[in-house]
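Here the structure is a predicted model, which is why all the values come from computation and not from measurement. We use all heavy atoms of the structure for the numbers below, so side chains are in, but hydrogens, waters and symmetry mates are not.
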Amino acid sequence: MNIGIDQISFYTSQYFLDLRTLAEARGVDPDKYVIGIGQSKMGIPPPDEDVVTMAASAAFQLKEQGALDGVEALLFATESGIDQSKAAGMFVHGLLGLPERCRVVELKQACYSATAALRMAMGLVAMRPQSKVLVIAADIARYELGSPGESTQGCGAVAFTISADPRLIVIDPESGFYADDVMDFWRPNYLSEAQVDGKYSTLVYIKALKAAWTQYAEESGRSLDDFARFCYHIPFTRMAAKAHQKLARGISDEELENVIGESLIYSREAGNCYTASLYVGIVSLLDHCAEDLSGKRIGLYSYGSGCVGEFFSGVVQPGYHDVLLTNEHQKLLNERMELTFQQYEDIYHYGIPTDGGEHVFPQYRTGPFRFAGIERHKRIYEEA
Ligand code: CAA
């Protein structure tokens, strides 16, 4: 049975900071961010946007397409959890009006958990081929102000449905995966900024990639030549480029651009979306690739610090253009508002009140849903 991604949708916040603005404020050469890191802008969520509203906004576009009919499970991948007990997906379930007959759970393993969700979703669909699973990955990448990680912040969500005979990508059964208990990147429950051993994290990312790829190649018998394109986990776009250069030693700049370039366009605009990043890359590839990818195989690498890496693949399906939401994605990015540096820092410092009182949040621009406030420690969401 063919199982895979039936339809996919991307959402990021309506506000961004240009990395040249950040560079000027921090006294850094802008080329370091734009060329060395490979990022142009970073999505900044206003106080009334969080992983729930971004996730619901991404999935809402699928709902409008009728793609959520038949969904029996919602798997929510995030490392920006909002509650120690209640799954963020429960709020999304309510906002989207999903059926009561629905399994809902939150998954965590840094940026990897959306791929774990995809694999679990495939298992559920294999057991009940008439059903669908909605997978949502949503995150806010946040580091300390003035730290090396600051320029790699961002935010966004990707929602996709997993079904039998999918219209977009059939996921291959072969896979290479790797785990190692390391401290390259983490966020203790009492901190709102990630801690990171930056250089080390890039080395572990590559080590996990090599191990996962070697295993995948042995299991599948495929070589790099069997892929039309590659999509990587994208903490910043230069990382994906370096990763591919490690696998395809001696690759020319032109060929590198050809096999990964289209997958990096949205990430350069939105910044790191953690769990969603690989999937933002897939959306970006499908939305931008001028070549017809029907029947072509794409290589996929998912990485979550801590760490787990998985190399897997999928075959793009004939007619895939008909289910793309390219116009919606491009409209969203084109209509975002640019923040000044002062506005960025003000939003950064806007902490969620923890006193148990009643708080109403200022209304910014969001998608169809907003995080309206908090009351007796309960988060309140509403239609925008
Ligand atoms: N013009 C052009 N390039 C310049 C430049 C200039 N003026 N100045 C510097 N550069 C280049 C550097 O040469 C370097 O390129 P190379 O790596 O090819 O040598 C690049 O810009 C970055 O410069 P630095 O290495 O000096 O940057 P840094 O140490 O200040 O920060 C970082 C880099 C450590 C990755 C930091 O951004 C960070 O900590 N980021 C967060 C962690 C992260 O994203 N890790 C990725 C792997 S872990 C993962 O993938 C999970 C996840 O999502 C977090």
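- In this structure a side-chain-to-backbone donor-acceptor pair under 3.5 Å is missing from Glu310 to Ser302.
- Note on Glu291 versus Lys296: salt bridge recorded, some NZ/NE/NH1/NH2 to OD/OE distance being below 4.0 Å.
- Note: His288 and Tyr266 have perpendicular aromatic rings, judged against thresholds of 30 and 60 degrees for the angle between ring planes.
- Sequence neighbours left out, not one pair with a member in residues 116-159 passes ring pair (Phe, Tyr, Trp, His ring centres under 6.0 Å).
- Pairs engaging residues 80-137 under the ring pair (Phe, Tyr, Trp, His ring centres under 6.0 Å) rule: Phe91-Tyr381 [sequence neighbours left out].
- For the pair Ser80 (side chain) and Ile140 (backbone), a donor-acceptor distance under 3.5 Å is present.
- Counting heavy-atom neighbours within 6.0 Å of Arg103 CZ, excluding the residue itself, gives a total of 12 or less.
- Judged purely by atom type and a 3.5 angstrom limit, Gln39 uses its side chain to pair as donor or acceptor with the backbone of Ser267.
- By the 6.0 Å contact criterion, CZ on Phe177 is open, its count of non-hydrogen atoms from other residues, nucleotides or ligands being 12 or less.
- Contact check for Leu256 versus Gln245: side-chain heavy atoms found under the 4.5 Å cut-off.
- Closest approach of Ile8 and Leu325 over heavy atoms only: O-CD1, 3.8 Å.
- For Arg379, the CZ atom sits in a packed shell: over 12 heavy atoms of surrounding residues, nucleotides or ligands are nearer than 6.0 Å.
- Each of Tyr178, Phe227, Tyr205, Tyr216 was scored for a ring pair (Phe, Tyr, Trp, His ring centres under 6.0 Å) with Tyr301, with one residue passing: Tyr205.
- Other residues, nucleotides and ligands contribute only 12 or fewer heavy atoms inside 6.0 Å of the CD atom of Glu24.
- Sorted by first then second residue, the ring pair (Phe, Tyr, Trp, His ring centres under 6.0 Å) pairs that include residues 144-169, not counting sequence neighbours, are Phe160-Tyr279.
- In summary, of the residues considered (Leu68, Ile5, Val125), a side chain to side chain contact (heavy atoms under 4.5 Å, CB included) with Thr161 occurs for Leu68 alone.
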